[in-house]
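Side chains are part of it too, since the values below use all heavy atoms of this structure and drop only hydrogens, waters and symmetry mates. Start at 1 and go down the list; that is how both ligands and their atoms are numbered. It should be emphasised that the depicted structure is a prediction, and the values quoted were computed from it without experimental measurement. Quick note: residue numbers are just sequence positions, from 1.
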Amino acid sequence: MRKALVAGNWKMNGSLDANRELLSALSGAMQASDAVAVAVCPPAVYLRDALAQLESGAIAVGGQDCSDEKSGAFTGEIAADMLKEVGCEYVIVGHSERRARQHEDSAWVARKFIAAQAAGLVPILCVGEQLADREAGRTDAVVAEQLDAVLDAAGVAAFDRAVVAYEPVWAIGTGLTASPEQAAEVHAFIRARVSARDQGVAEGLRILYGGSVKADNAAGLFALPDIDGGLIGGASLDAASFIGIVNAAVAAQARG
Ligand code: PGA
């Protein structure tokens, strides 16, 4: 059985004080669970403080992005090796906000994915369509392009050390969530696409859902067989909401 992952993507939010408070509430409520892995992805400047506070290891830490380059003249970028060195386990690559604002295309995201794995990090590869794509019936085509770019560049075997997050762009931070049926359809599509290359890798691959996941809609999403946890934005900044989402994942896992 796949071990679910619930990861909080804090985006550009937080402060030393707010983070300390949030993390102490989270670590008070969570023990390391065999059933569900939990991670938080704070802004890079806060990673070291978060890691120091989360020493017990029940909650893992990830970066929100990494460079595709190892080192050198890349002002403002952060190498995957640096994230690994300070103690990160995961790194998000290809988030739709970066694809839009930093114009990251799928080939670039694939290079980041490879750099992350080379450093020993587990990449959380984000894929997802815009509303216009969905309305034009292009959801599968868009997701396939984003996924295939990485499958082609990294090879399917690399996906046994990676996580995919399906995040419909129209559902991110909008309060609109994909219905369980809409999410299930795309998750099944992603797994089938990986399975076409390697069935064993596809069966072990964790595919998270992201996009306005809250404590009250998480159970419905996590109950679906191809949804293996969530990538949580807004609700990960509120301890009670995030804990509620983790508990929904634990309950879903217990039901099998
Ligand atoms: P949201 O963000 O939960 O605020 O919709 C999810 C994400 O962008 O990872």
Numbered atoms and elements of ligand 1 in range of [X], under 4.0 angstrom, heavy atoms:
X      : answer
His95  : 7 (C), 8 (O), 9 (O)
Asn9   : 9 (O)
Ala171 : 5 (O)
Gly211 : 5 (O)

If you measure only the distance, is there a donor-acceptor pair under 3.5 Å linking the side chains of [X] and [Y]?
X      : Y      : value
His95  : Glu167 : yes
Asp133 : Thr139 : no
Trp170 : Glu129 : yes

Sub-4.0 Å heavy-atom contact, [X] with ligand 1:
X      : result
Lys214 : no
Ser96  : no
Gly210 : no

* Angle class for the His187/Tyr166 ring planes (parallel below 30°, perpendicular above 60°, tilted otherwise)? -> perpendicular
Of the protein's non-hydrogen atoms, which lies at the shortest distance from [atom], and what is that distance?
atom                   : answer
atom 7 (C) of ligand 1 : Glu167 OE2, 3.1 Å
atom 2 (O) of ligand 1 : Lys11 NZ, 3.2 Å
atom 4 (O) of ligand 1 : Gly234 N, 2.8 Å

* Asked: atom 3 (O) of ligand 1: which of Gly233, Ser241, Pro168 has the nearest heavy atom?
  -> Gly233
* Asked: Are more than 12 heavy atoms from other residues, nucleotides or ligands located less than 6.0 Å from atom CD of Gln199?
  -> no
* Is Arg2 atom CZ crowded by more than 12 heavy atoms from other residues, nucleotides or ligands, each under 6.0 Å away? -> yes
* **Pairing of Asp228 and Arg206 as salt bridge, 4.0 angstrom limit** => no
* Asked: Using 4.0 Å as the upper bound for N to carboxylate O, is an ion pair formed by Arg193 and Asp148?
  -> yes
* Co-members of Leu16 in a cluster of I, L, V, M, F, W and Y side chains, linked at under 4.5 Å -> Val45, Tyr46
* Less than 3.5 Å between some nitrogen or oxygen of Gly173 and one of ligand 1, yes or no? -> yes
* Asked: Does an N or O anywhere in Ser212 fall below 3.5 Å from an N or O of ligand 1?
  -> yes
